[in-house]
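Encoded as structure tokens, the structure appears first; notes follow it.
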Amino acid sequence: MMESMGDLHRTCYCGEVAEHLVDSQVVVMGWVDRVRDLGNLVFIDLRDRTGIVQIVTNPEAAEALEKARQVRPEWVLAVEGPVVRRSPDTVNPDIPTGTVEVRACMLRVLNRSLTPPFPLNEQVPIAEEARLKYRYLDLRRRVMQQNMMLRHKVCLAVRRYMDSRGFLEIETPFLTKSTPEGARDYLVPSRIHPGHFYALPQSPQLFKQLLMISGMDRYFQIVRCFRDEDLRADRQPEFTQVDIEMSFVQMEDVFELVEGLLAVMFDTAGFKIDRPFLRLPYDEVIARFGTDRPDLRFGLELTDLTEAFRHSEFPVFRQLIQEGGIVKGIAVPAGTAYSRKELDDLQEFVRQYGAQAMTWIRTLPESGVRSSLPKTVSESELLSVAESAGLAKDQYLLVVAGSPAVVHACLANLRLKLGSDLQLISDDEFRFVWVYDFPLLEWDVEEQRYVALHHPFTSPQDDHMALLTENPTAVRAKAYDVVLNGLEIGGGSIRIHRDDVQRSVFSALGISPEEAEDRFG
RNA sequence: GGGGUCGUAGUUCAGCUGGUUAGAACGCCGGCCUGUCACGCCGGAGGUCGCGAGUUCGAGUCUCGUCGACCCCGCCA
């Protein structure tokens, strides 16, 4: 049983069937979501990307009813009939079209379907493997369709906004020379030049610099980027970013532009966000949250215990601090109880990020204090640490000691875990923050040189040109570091970089700060 | 490159310290039903417990190997 559309014309989408169409004849086409066969009365939920409308068949249209009884999920139908208002007791308040239905006078089976290998209309989690194998079915699911439609709307909003602010959307090439940016390049073999490869861009970095130098002044692009690195749950090897570059601007101009952009994007997605965004300097953000992309929707900030432990009776801490290490902790809300196993699990969690151990100090409900530190550490020391951390009664302090990098990595991740475990994070809330005053360089212990912490965005000045002519090969290899004022949006965070000019170039060339000082002042 | 978790029906899962014929829900097939909307009711089919070896009287369960999936670290912003 399979029929052609013939001369049928779809008059509206399923989700568009509404009260204003009552008594008019419609033709809808779509996929069978569910069938409810009551014998001489068959209901079909017909679905397309706009939603679901209920089709009803009864013996008045015997042929349609007969076909309806054969119908199975995911068959593709064309249905013609009048839109009918439902009686009050049969209204379905759960769907937008729930006050009406289409009474089928004619029903055509445009295509049949096998039973789907997984349910399309339930919210059970399906193994990714199955979803990808049957991607065409996966993409029929409501969540997926809504994601794609939302993405379209957000992209449209971005284009309208950027256009209104005088930006040009300009496409840049994918098949080009390597423009190393820290990640591994994806390579594409060249047919014309055997043995040579194109590299897919990790971002349009070089191209947008070209555009600025060319005087295009304000550019943006919704652009695919490629990075050949290992995956994570939230990281894909190819992804899309809103890439922006502009000339002749100050930091405030960038803040203003991007806050407006994000407000528009989130508004499109149905969320209101607060402006202006919070602004925090890099050092403060690291000190308080251990990361440059803190989740500000909950507290549990880090407490610095380094001074409290500087003369500790626990030799390990004492020595660590002497060698430049730090000790920091997170105070868990008072009254939170932990079993021995739970504390062990937390310790195991923290170890992933490089800590040797996690210690804890706990104020007891009445008075006194306990800890996992050796017994040689006196109660008075513990009490003074608890006091410096501001502990109330019956409260745990989870403590990590080590190098600043390790301590911050451990506690930043522990903080997120605690926030999630203790259900302190609300999913539909967004708290933005600008992190400014990023250090441009970071000493790399292994390479024994300064490396750029992020893209060191810079402005083109004469000094650059001097360097470029001085060592063209090196500069070409690292040209990605020589860029313009600007910003990038990617990886779920937004960062603004200092526009200190020369230093990024020095780092790109592997010139130490001392040497740079000598040569360029 | 390293670590962790997991592989049982079409799907999502349960199956305790090894023990008789491996279960549930949904889905699927057949039947009944004119107001359902996660329809309901009656009946039924469906499994090499990822694969291979070992321990044992006996393995879905324990051991080793192997393949695969997911998550994390490294890496990446």
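Chain letters run A, B, ... following the sequence lines, proteins first and then strands; every chain starts at 1.
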Looking at the side chain of A:R232, which of B:U11, B:G35, B:C73 is the nearest nucleotide? B:C73
A:R227 side-chain proximity, nearest of B:A77, B:C75, B:G68: B:A77
Applying a 4.0 Å non-hydrogen cut-off, can you work out what A:P59 is touching in the nucleic acid: base, sugar-phosphate, or nothing? base
Go through the N and O atoms of the side chain of A:E101 and the base of B:G35, and report whether any donor-acceptor pair is under 3.5 Å. yes
Rounded distance (Å) that lies between atom C1' of B:G2 and atom OH of A:Y353: 15 Å
Contact class for A:R47 (heavy atom, under 4.0 Å): base, sugar-phosphate, or nothing? nothing
Length of the CG-C1' vector between A:N92 and B:U36, whole Å: 10 Å
Nearest-angstrom distance from the residue atom CD1 of A:I52 to C1' of B:A38: 12 Å
Would you say that more than 12 heavy atoms from the other residues, nucleotides or ligands in this model lie under 6.0 Å from the CD of A:E63, or not? no
Could you give the distance separating B:U21 and B:G46 at their C1' atoms, to the nearest angstrom? 16 Å
Rounding to an integer number of angstrom, what distance separates B:C51 and B:A59 when you compare their P atoms? 15 Å
Which part of the nucleic acid does A:L38 contact within heavy-atom distance under 4.0 Å: base, sugar-phosphate only, or nothing? base
What's A:T115 touching, base or sugar-phosphate or nothing? Going by heavy atoms closer than 4.0 Å. sugar-phosphate
Just checking A:E342: does its CD atom have more than 12 heavy atoms from other residues, nucleotides or ligands closer to it than 6.0 angstrom? yes
Could you pick out which residue, A:R36 or A:P119, lies toward the 5' side of RNA chain B when each is mapped onto its nearest nucleotide? A:P119
Rounding to a whole Å, what distance do you find between A:L416:CG and B:C72:P? 13 Å
Carefully, step by step, assess A:F432 and A:F266 under the rule ring pair (Phe, Tyr, Trp, His ring centres under 6.0 Å). CA-CA 12 Å; A:F432 290 85; A:F266 276 74; 5.2 Å; yes
Any strand is fair game: report the nucleotide pairing with B:A25 by Watson-Crick or G-U wobble, both distances under 3.5 Å, or none. B:U11
Do A:R218 and A:F220 meet the cation-pi criteria used here (NZ or CZ under 6.0 Å from the six-membered ring centre, within 45° of the axis)? no
Under the 3.5 Å rule, do the base of B:U11 and the side chain of A:R131 count as making a donor-acceptor pair? no
Closest nucleotide of RNA chain B for A:I95 versus for A:L132: which of these residues is on the 5' side? A:I95
Interatomic distance at C1', B:U56 relative to B:G44, whole Å: 38 Å
To the side chain of A:D45, which of B:U12, B:C75, B:C37 is closest? B:C37
With rounding to the closest Å, how many angstrom separate the C1' atoms on B:G1 and B:U17? 38 Å
Assign A:V91 to base, sugar-phosphate, or nothing according to its heavy-atom contacts below 4.0 angstrom with the strands shown. base
Considering only atom P, compute the distance from B:U34 to B:C71 and round it to an integer number of Å. 50 Å
For nucleotides B:G58 and B:A22, find the distance between their C1' atoms and express it as a whole number of Å. 16 Å
Of the listed B:C76, B:C73, B:U34, the closest approach to the A:N40 side chain comes from B:U34
Expressed in angstrom and rounded to an integer, what is the separation of A:L41 atom CG from B:C37 atom C1'? 11 Å
Determine the interatomic distance between P on B:U5 and the same-named atom on B:C64; round to the nearest Å. 12 Å
Do A:R431's NZ or CZ and the ring of A:F277 fall within the cation-pi criteria of under 6.0 Å and 45°? no
Could you state the CG-C1' distance from A:L114 to B:G27, rounded to the nearest angstrom? 14 Å
Return the value, rounded to whole Å, for the distance between atom CG of A:D345 and atom P of B:G4. 15 Å
Report which part of the nucleic acid A:R34 touches: base, sugar-phosphate, or nothing (heavy-atom distance under 4.0 Å, all strands). sugar-phosphate
Taking the side chain of A:R72 as heavy atoms from C-beta outward, which of B:G30, B:C39, B:G35 is closest to it? B:G30
CZ/A:R279: more than 12 non-hydrogen atoms of other groups inside 6.0 Å: yes
Does the B:G74 base have a donor-acceptor partner in the side chain of A:D230 within less than 3.5 Å? yes
Taking pairing as Watson-Crick or G-U wobble with both contacts under 3.5 Å, can you name the mate of B:G30, or confirm there isn't one? B:C42
Atom-to-atom span, CG of A:N121 to P of B:G10 - whole angstrom: 19 Å
Examine the base of B:C73 for any acceptor or donor lying under 3.5 Å from a partner atom in the side chain of A:R351, and report the outcome as yes or no. no
Distance, P atom - from B:C62 to B:G15, rounded to whole angstrom: 12 Å
When you look at CD of A:Q123, are more than 12 heavy atoms from neighbouring residues, nucleotides or ligands closer to it than 6.0 Å? no
Does any nucleotide pair with B:C6 by Watson-Crick or G-U wobble geometry, both distances under 3.5 Å, and what is it? B:G68
Quick one: label A:A130 by what it contacts on the DNA or RNA (base, sugar-phosphate, nothing), any heavy atom closer than 4.0 Å. nothing
Over 60° means perpendicular and under 30° means parallel, so classify the ring planes of A:F118 and A:Y134, tilted if in between. perpendicular
Ring centres of A:F255 and A:Y436 under 6.0 Å apart? no
Can you tell me the Watson-Crick or wobble partner of B:G1, both distances under 3.5 angstrom? B:C73
How is A:D89 classified with respect to the nucleic acid when contacts are heavy atoms under 4.0 Å: base, sugar-phosphate, or nothing? nothing
Taking B:A77, B:C28, B:U11 as options, the one with an atom nearest any side-chain atom of A:P73 is B:C28
Compare the aromatic ring of A:F43 with the six-membered base ring of B:U36 and state whether they stack according to the 5.5 Å and 30° rule. yes
Quiz item: A:Q54 side-chain donor-acceptor pair to B:U36 base, under 3.5 Å: yes
Across every strand shown, the nucleotide meeting Watson-Crick or G-U wobble geometry with B:A53 (both distances under 3.5 Å) is B:U63
